[in-house]
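One structure is given below, encoded as structure tokens.
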Amino acid sequence: MYEILMFSLLILTVILWVWAFVDISRSRFQNNSLTFIWIAIILLFPVLGSIIYFQLGPKLKKEPRTFQPEFSNRTT
């Protein structure tokens, strides 16, 4: 039973770690160097770094771009 618990915690840790890397690679931060800093933190401290990233990372991201085209064909 102990082995199953440890294995499941290991799997959850790996999923959290991979999820953090994927989110960092898709994110647009206010400063480009923040991407490399977050990757370094997560590599050095996998579990704690991932948790800290998911708590602080969204606050440092740029606002998503909104596409608002103006299709006005006014001929005056």
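Side chains are part of it too, since the values below use all heavy atoms of this structure and drop only hydrogens, waters and symmetry mates. Everything quoted here is computed from the prediction, not taken from an experiment. In this chain, residues are counted from 1 in sequence order.
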- Item | Linked, directly or transitively: V47 and I11 (ILVMFWY side chains, under 4.5 Å) | no
- Message: Check for me, please, whether I51 and L34 land in the same ILVMFWY cluster - side-chain distances under 4.5 Å, paths through other members count.
- Response: yes
- Query: Does one hydrophobic cluster hold both F21 and I15, with members joined at side-chain heavy-atom distances below 4.5 Å?
  - Reply: no
- Task: List the steps, then state whether side-chain contact (heavy atoms from CB on, under 4.5 Å) holds for D23 with W38.
- Result: CA-CA 11 Å; D23 192 58; W38 279 118; over 6 Å; no
- According to a 4.5 Å side-chain heavy-atom criterion applied to Ile, Leu, Val, Met, Phe, Trp and Tyr, with indirect links allowed, do L43 and I37 form part of one hydrophobic cluster? yes
- Task: May I ask whether L48 and W17 are part of the same hydrophobic cluster, defined by side-chain heavy atoms of I, L, V, M, F, W, Y residues being less than 4.5 angstrom apart, directly or through others?
- Result: yes
- Rounded to the nearest 0.5 angstrom, the CG-CD1 distance for L9 and I4 is 12.0 Å
- Can you measure from CZ (R28) to OG1 (T35) and round to the nearest 0.5 angstrom? 11.0 Å
- CZ of F54: more than 12 outside heavy atoms within 6.0 angstrom? yes
- Point-to-point distance, once rounded to the nearest 0.5 Å, from CD1 of I39 to CG of L44: 12.0 Å
- Item | OG1-CE distance between T13 and M6, expressed to the nearest 0.5 angstrom | 8.5 Å
- Residue that, paired with Y53, satisfies side chain to side chain contact (heavy atoms under 4.5 Å, CB included) out of I24, I41, L16: I24
